[in-house]
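Below, all heavy atoms of this structure are taken into account, side chains as well, without hydrogens, waters or symmetry copies. In listed order, ligands and their atoms are each counted from 1. Remember, predicted model here, so these are calculated numbers, not experimental data.
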Amino acid sequence: MILTVTLNTALDITYRVRALRPHASHRVTEVTERPGGKGLNVARVLAALGHRVTATGFAGGRTGRSVQDQLAGISEVVDALVPVAGATRRTIAVVDETTGDTTQLNEPGPEIAPAEWSAFLEVYGDLVSSAAAVALCGSLPPGVPVGAYAQLVRTARSAGVPVLLDTSGEPLRRGVAARPDVVKPNADELAELTGSYEPLQATRDARRRGAHAVVASLGAEGLLAVNAEGRWRAAPPRRIQGNPTGAGDSAVAGLLSGLVDLLPWPARLARAVAVSAASVLAPAAGEFDRRVYEELLERVIVTPHNAAA
Ligand code: ATP
Ligand code: MG
Ligand code: MG
């Protein structure tokens with residue numbers, strides 16, 4: 001199984017309205033609720049790709065129960081969320097059906113108590129040993145130490161289990177120094193880490209900081225990957241209009257899927273680009289249409305990238 005870690009789980013609520021106007025009252029045409037938080041998006045995409053997943057992290061309160069009820073409906077996903085006293089946060093997206101634009105409101109999430117963090121570490125330590133790979137995704141909730149991901153990376157590495165890190169800011173900086181197998185920053189996260197928006201220079205810098213492989217996601221331009229074996233660009237066949245929220249999480253799922261299926265790097269990158277581009281066309285994060293994915297997979301272009309060092 002693949003282990004996903006979502007410390008900042010959420011209940012994602014989406015309202016659709018015909019047209020969003022300030023100071024106006026709106027009739028909601030549709031409302032949906034889904035498990036959210038980056039690692040749970042990854043878990044849902046992995047499940048749809050046919051992998052068995054164990055999802056850990058935190059869940060609490062009525063909102064946490066809604067998240068867990070929905071996870072129970074996905075047969076490939078085992079729920080290993082650790083209970084907390086505070087309520088799981090809600091994220092609220094309001095979609096304007098006329099423009100397709102989304103307005104997003106994100107609650108900060110509950111404070112995690114030291115005893116809750118210790119309980120999580122115990123669960124994580126047990127699960128890592130039976131995992132084929134681990135994904136550490138998203139921001140840290142209040143109360144969790146800033147070096148949390150560095151610690152989780154070290155645990156996975158000493159168990160000999162490949163670990164992928166997708167976060168930002170100081171947790172990313174410290175996590176990279178703990179030598180994860182893969183990091184998947186987007187352009188902004190990479191620039192914050194390295195001080196450079198020049199993707200090739202920045203990915204190389206991120207490797208020097210400790211990551212074995214750096215896979216930078218560059219929105220509609222696809223992925224730039226650098227590891228000890230080489231350097232590749234993987235690009236979708238075209239820029240897709242749609243909902244890019246969670247595209248990075250789908251890319252992470254594609255990379256892990258290719259890793260546990262032992263695909264060579266170019267094929268892993270192609271899978272990651274195809275599933276992430278397909279998810280841009282889907283209405284919600286963590287979802288994609290299988291046929292669209294398969295069509296895109298045939299048309300993703302992966303090229304070795306051999307610019308001078
Ligand atoms: P998030 O954190 O919201 O999930 P991100 O900012 O980490 O996303 P992006 O770089 O925006 O990640 O997107 C991840 C991948 O999704 C890209 O590498 C690309 O393969 C695909 N993608 C994103 N936007 C588009 C687009 N407009 N058209 C085609 N593919 C896209
Ligand atoms: Mg983005
Ligand atoms: Mg991201």
*Can Arg238 be said to touch ligand 1, with heavy atoms closer than 4.0 Å?*
yes
_Candidate with minimal heavy-atom separation from atom 8 (O) of ligand 1, of Gly248, Ala272, Cys137_ = Gly248
*Which ligand 1 atoms, with their elements, are less than 4.0 angstrom from a heavy-atom of Leu223?*
18 (O)
*Can you list the atoms of ligand 1 that are under 4.0 Å from a heavy atom of Val280?*
22 (N), 23 (C), 24 (N), 25 (C), 31 (C)
*State whether a side-chain donor-acceptor pair under 3.5 Å links Thr91 with Asp12.*
yes
*Short side-chain donor-acceptor distance under 3.5 Å, Thr63 and Thr88*: no
*Name the one of Asp249, Leu255, Thr167 that satisfies side-chain contact (heavy atoms from CB on, under 4.5 Å) with Lys184?*
Leu255
*asked:* Show me which atoms of ligand 1 lie under 4.0 Å from any heavy atom of Pro236.
replied: 29 (C), 30 (N)
*Pick from Ser279, Pro237, Gly219, Ala247: the one approaching atom 19 (C) of ligand 1 most closely through a non-hydrogen atom*: Gly219
*asked:* Less than 4.0 angstrom from a charged side-chain N to a carboxylate O is my criterion; do Arg299 and Glu295 meet it?
replied: no
*Just which atoms of ligand 1 are under 4.0 Å from any heavy atom in Ala277?*
30 (N)
*Ser276 heavy atoms, cut-off 4.0 Å: which ligand 1 atoms fall inside?*
15 (C), 16 (O), 19 (C), 20 (O), 21 (C)
*Above 12 or not: heavy atoms from other molecules or residues under 6.0 Å from CZ of Arg290?*
yes
_Residues Arg157 and Asp181 bridged, charged N to O under 4.0 Å_ = yes
_Please determine whether a side-chain nitrogen of the Lys or Arg among Asp69 and Arg65 lies less than 4.0 Å from a carboxylate oxygen of the Asp or Glu._
no
*Run the numbers for me: atoms of ligand 1, each under 4.0 Å from some heavy atom of Ala220, listed by number.*
24 (N), 25 (C), 26 (C), 27 (N), 28 (N), 31 (C)
*Please determine if Asp261 and Arg268 form a salt bridge, counting it only when a charged side-chain N lies under 4.0 Å from a carboxylate O.*
no
*asked:* Can you tell me which portion of Leu218 lies within the under-4.0 Å heavy-atom range of ligand 1? Options are side chain, backbone, both, or neither.
replied: backbone
_Atoms in ligand 1 with a heavy atom of Lys38 nearer than 4.0 Å_ = 1 (P), 2 (O), 3 (O), 4 (O)
*Give a yes/no verdict on whether any heavy atom in Glu221 is under 4.0 Å from an atom of ligand 1.*
no
_Non-hydrogen atom of Lys184 closer than 4.0 Å to ligand 1_ = yes
*Under 4.0 Å from any heavy atom of Asn186, which atoms of ligand 1 are there?*
5 (P), 6 (O), 7 (O)
*Taking NZ, NE, NH1 and NH2 as the nitrogens, is one of them in Glu170 or Arg173 under 4.0 Å from a carboxylate oxygen of the other?*
yes
*Side chain, backbone, both or neither: which part of Asp249 has a heavy atom under 4.0 Å from ligand 1?*
both
*Heavy-atom nearest option to atom 12 (O) of ligand 1, drawn from Ser217, Pro185, Pro244*: Ser217
*Using a strict cut-off of less than 4.0 Å between a Lys/Arg side-chain nitrogen and an Asp/Glu carboxylate oxygen, indicate whether Arg90 and Glu33 qualify as a salt bridge.*
no
